[in-house]
Colleague: 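Quick one: the structure is below, questions incoming.
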Amino acid sequence: MDLLSRLNLEQQAAVEHGKGPALILAGAGSGKTRVITYRIAYLIRNAASRPENILAVTFTNKAADEMRQRVHGLLGPVRPAEPLISTFHSFCVRLLRREIHRIGYKPDFSIYDSDDQRRLVKRVLQELGKPQSVFQPGRTLSRISYAKSHSVPPASYAGQFPAVDAEDISLIYSRYNARLRSANSLDFDDLLLKAVEILHSFPERRDRYSDQFRYILVDEYQDTNVPQYNLLRLLTSRHDNLFVVGDEDQSIYKFRGATIRNILSFERDFPGARIIKLEQNYRSTKTILDVASAVVRNNTERKEKALWTRNRPGEAATCCRALSPRKEAAWVVGRIGSLLEDNPDLRLAILYRANFLSRNFEDVLLERGIPYAVVGSVAFFGRMEIKDMLAYLRVIFNPEDDVALLRIINTPARGIGATTVELLTRAALDKGIPVSRVLGEFAGDAQLAGRSHRALRRFRQQLEAWMAERDGAGVADVLRGVLEGTAYADMLRRQESSPEAESRIANIEELVRAAEEAEERGETVFEFLDRASLASELDHLDPKARVSLMTVHSAKGLEFDVVFLAGMEEGLFPHALSSSSTEELEEERRLCYVGITRAKERLFLSWTPFRRTFGRDLDGPASPSRFFDEMPFQLLQGWDAAGGFLEEDEEEYEDGQSDQEAEAPVPLKSGRPAAGRDTQDPPRNMQELRAYIQTTQAAGSAAGGRALRPGVRVRHAQFGDGIILKRERSGNDFKLTITFSRVGKKTLIERYARLKVL
DNA sequence: GATTTACGCCTTTTT
DNA sequence: GGCGTAAATC
């Protein structure tokens, strides 16, 4: 097969690029992955490089798997050696398992996931007597992680990130690191930092790896952070065959330390770099591309590029303003149902800004019996019972892993209560040794007697027995031994109603099976544990699932025939917590761009003014996302002249059923109406809707082109100035509830009120 | 030490 | 509104 014939000129140039650095600026859908995989195949096919001299780095395991498969597809699966296609993190783990002894760790280190990290931060806060009310574990942790992902050590924290409590954070950060160190454990950020440290401190190792990986290819380069950049620099010290592919418009991980600087200053960092732009989009219809481009064009921090396509125009994006999250879901799922009826092979996705939105969609999909796959919310490896089992494994293979030990020390309950645990950790802290050592000392102290010491002794014996068996037996056998020795299943049955317990037991069985399969593949325990630690739910995405639910972040790099972007309202998308600065807003906008450009054929956008976040009302109804305003309205179906959107869910409203539990009146916060908000009273059915359009158009002309909607400020000849709270139908007229600053709340008939919009 | 109750936090995105 | 942790009680 001629590799180059299936590529356009720019793609060919990229694939054929010889030695030296190259930056491929590749717009969405322009064949990024294609270029990387073809280049790998090209290098091998043309004997420019031996497979084992090639390293391709991605961000997710899913992307790595896909790349591997595509390379196999191009070259055929049987080769004497494989190119190494890996994520940043798993590449580092591989390196560290071999090299970390050089900086004083043992090769059997544990990897802490975010849950383990949280537990550790909490412990540190307790040790230091810092109140968790002030230093919320989650936030504190994210500040530590932010520092790490900028390669900022505790000592320079306060200098780098000034804040009133910077000294406190610095101290917590430093203690947190010390605890990790003594537990012979690394968190996600450490994987990169320690790999960099080793390559930096041991030039001989650096040269060795740099020699081996003579060709390095990086996907999604715009999302690399400082440690990742440093790693690439070290790995290219003996050559500069660094080939990176990226798109600054798709940079969405700034919050995690990704720095767009890496892409913007690539030419300076790697002199003589060749730059190739891929601007032809092969994925989406012209309409979808135009909508996406129109949005992202509003960013100032970007290189202007002209993404174009030969694809057909396609249909306009369809918009929906729903009266509740539930109805939004009903609309989306209704559309999905009929799309699938027409074409059962479609792949569809519901994308949203935040995970908690998945719930309504799941409910409705379940009710309608449409199979779906959710990505992200509860990962298999994140389940309590799986984490417990893995914690046992971690302790058995790395007894110094304090967090794992403390997790299982009394799970299932074995008589080692809080007081005893406190005693153990206090002693460990005082002596600066891992908890397991203290456990050994306490249990071995014949002086001590009593119930809790008997429990400690029994637990230590059990641990030792497992550890004695661990090397002879496989992981699966060790797991079975743990299950049996702890009667874990009995605990589950005691704790929960039977269906939950049985499903947890089934999960554990699945884990044991996975361990067996790993053994058959010849994996070591650590390879198994590493995979469990680095696995994300994204990796379990079933390619056969017709409907996938996930956050926009998770969707990066994926494509679907049809995309539903849900929750498109102010406060959620852009998120309220990311709307304070232009920088944050630009990241939200890029996120929106990523979401839209996942769609090949059709795009649907939905929002609701009445989303409630955990029980509490928001401050009044939400407005549609500002990103709507940035889209060309002629490319949006359902765009209403009054500036709102047509309700699209005819069935739901014409059968009248769901209208009974009618929506609460516009929940404006009393006393402080949301002035200036672009909201309106929801029509409840098609008649109201038609009437609504008529009157808003009529009222629009009567009131100087502005519609009478809740939130709008008006002036009345007698009552003075006020704000419209509610607008509802009353016979052939509309009744307005208005709160006037002078006379309070009044109800008026729109036709006679002669209001002037302010 | 275990079980029950109350309180508070959370929901921005993730390897 | 739901979950996990901390205090209160058995």
Side-chain angles (χ1 to χ4, degrees), chain A residues 57-64 86-93 111-115 117-119 122 125-126 131-133 136-139 141-142 145-146 148-149 186-192 220 223-225 227-228 251-258 325 351-359 375-379 381-382 384 410 412-422 450-452 455 494-495 530-531 533-539 550-556 567 571-580 584 587-588 590-592 594-595 611-618:
Chain A
V57 199
T58 65
F59 277 81
T60 64
N61 296 309
K62 163 104 181 146
S86 168
T87 65
F88 271 105
H89 289 85
S90 51
F91 174 81
C92 290
V93 171
I111 301 168
Y112 279 19
D113 69 9
S114 39
D115 183 59
Q117 289 177 291
R118 255 180 81 98
R119 286 163 180 263
K122 284 187 163 182
L125 290 172
Q126 268 169 3
Q132 299 194 12
S133 46
Q136 292 159 21
R139 279 168 200 240
L141 179 60
S142 71
S145 177
Y146 194 76
K148 286 192 172 194
S149 60
L186 307 179
D187 65 17
F188 284 138
D189 301 310
D190 283 344
L191 295 176
L192 289 153
E220 311 277 14
D223 286 329
T224 49
N225 60 22
Q228 285 160 341
S251 160
I252 54 172
Y253 284 108
K254 203 168 171 236
F255 73 94
R256 211 172 72 194
L351 308 182
Y352 32 78
R353 175 68 238 262
N355 270 312
F356 76 96
L357 260 76
S358 72
R359 192 152 171 196
V375 175
S377 40
V378 200
F381 289 106
M384 177 262 278
N410 203 32
R414 54 170 67 87
I416 306 175
T419 332
T420 314
V421 171
E422 174 70 11
R451 237 175 24 172
S452 46
R494 246 179 292 122
Q495 274 177 0
D530 291 347
R531 221 154 33 77
S533 312
L534 299 177
S536 71
E537 185 73 3
L538 191 58
D539 310 324
M550 69 189 87
T551 63
V552 184
H553 279 93
S554 303
K556 194 188 66 165
L572 230 182
F573 204 178
H575 199 280
L577 294 176
S578 294
S579 304
S580 51
E584 287 175 327
E587 178 138 323
E588 295 288 308
R590 289 192 293 270
L591 195 55
C592 181
V594 167
R611 197 171 317 268
R612 285 156 167 254
T613 34
F614 42 104
R616 268 194 299 280
D617 282 343
L618 299 166

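It should be emphasised that the depicted structure is a prediction, and the values quoted were computed from it without experimental measurement. Below, read A as the first sequence line, B as the second, and so on, with proteins coming before strands; counting in each chain starts at 1.
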Colleague: How do A:Arg414 and A:Glu587 order along DNA chain B: which one's closest nucleotide is nearer the 5' end?
Modeller: A:Arg414

Colleague: Choosing from B:dT15, B:dT11, B:dC10, which nucleotide comes nearest the side chain of A:Arg139?
Modeller: B:dC10

Colleague: Between A:Leu591 and A:Arg353, is any pair of side-chain heavy atoms under 4.5 Å apart?
Modeller: yes

Colleague: So what does A:Ser90 touch, heavy atoms closer than 4.0 Å: a base, only the sugar-phosphate, or nothing?
Modeller: nothing

Colleague: Side chains of A:Arg611 and A:Leu357: closer than 4.5 Å at any heavy-atom pair?
Modeller: yes

Colleague: Round to the nearest Å and state the distance from A:Phe573 atom CZ to B:dT13 atom C1'.
Modeller: 10 Å

Colleague: Could you check A:Phe255, A:Phe59, A:Tyr352, A:Phe573 and say which one makes a ring pair (Phe, Tyr, Trp, His ring centres under 6.0 Å) with A:His553?
Modeller: A:Phe255

Colleague: Please give, in whole Å, the distance from B:dT13 C1' to A:Asp223 CG?
Modeller: 12 Å

Colleague: Using whole Å, report how far CG of A:Leu351 lies from C1' of B:dT14.
Modeller: 16 Å

Colleague: If you measure from the ring centre of A:Tyr253 to the centre of the six-membered ring in the base of B:dT14, is it under 5.5 Å, with the planes under 30° apart?
Modeller: no

Colleague: Just how far, in rounded Å, is P of B:dT13 from CZ of A:Phe59?
Modeller: 19 Å

Colleague: Any idea which of B:dT15, B:dT13, B:dA2 is nearest the A:Asn410 side chain?
Modeller: B:dA2

Colleague: Checking contacts here: which listed nucleotide (B:dG1, B:dT14, B:dT11) is nearest the side-chain heavy atoms of A:Thr551?
Modeller: B:dT14

Colleague: Within this structure, what is the CD-to-C1' distance between A:Glu584 and B:dT13, rounded to whole angstrom?
Modeller: 12 Å

Colleague: Side-chain N or O of A:Asn355 versus OP1/OP2 of B:dT14: is the shortest distance under 4.0 Å?
Modeller: yes

Colleague: Please give, in whole Å, the distance from B:dT13 C1' to A:Met550 CE?
Modeller: 14 Å

Colleague: Out of B:dC10, B:dT11, B:dT13, which has the shortest distance to the side chain of A:Gln136?
Modeller: B:dC10

Colleague: Do A:Ser578 and B:dT12 have a side chain to base donor-acceptor pair shorter than 3.5 Å?
Modeller: yes

Colleague: Can you check whether any acceptor in the base of B:dT15 is under 3.5 Å from a donor in the side chain of A:His89, or vice versa?
Modeller: yes

Colleague: So is A:Lys556 actually on top of A:Tyr253's ring, under 6.0 Å and inside 45° of the axis?
Modeller: no

Colleague: With respect to the side chain of A:Thr87, which nucleotide from B:dT11, B:dT15, C:dT5 is positioned closest?
Modeller: B:dT15

Colleague: Give a yes/no on whether any side-chain N or O of A:Ser554 is located under 4.0 angstrom from OP1 or OP2 of B:dT14.
Modeller: yes

Colleague: From CG of A:Leu125 over to C1' of B:dC9, roughly how many Å is that when rounded to an integer?
Modeller: 15 Å

Colleague: For the backbone of A:His575 and the side chain of A:Ser578, can you confirm whether one donor and one acceptor N or O come within less than 3.5 Å of each other?
Modeller: no

Colleague: Would you find a donor on one side and an acceptor on the other, under 3.5 Å apart, between the side chain of A:Ser149 and the backbone of A:Ser145?
Modeller: yes

Colleague: Counting only side-chain heavy atoms from C-beta out, which of B:dA2, B:dT12, B:dT14 sits nearest to A:Glu588?
Modeller: B:dT12

Colleague: If you pin A:Arg353 and A:Ser145 to their nearest nucleotides in DNA chain B, which one's is more 5'?
Modeller: A:Arg353

Colleague: Can you tell me the distance, in whole Å, between the CZ atom of A:Arg118 and the P atom of C:dT5?
Modeller: 8 Å

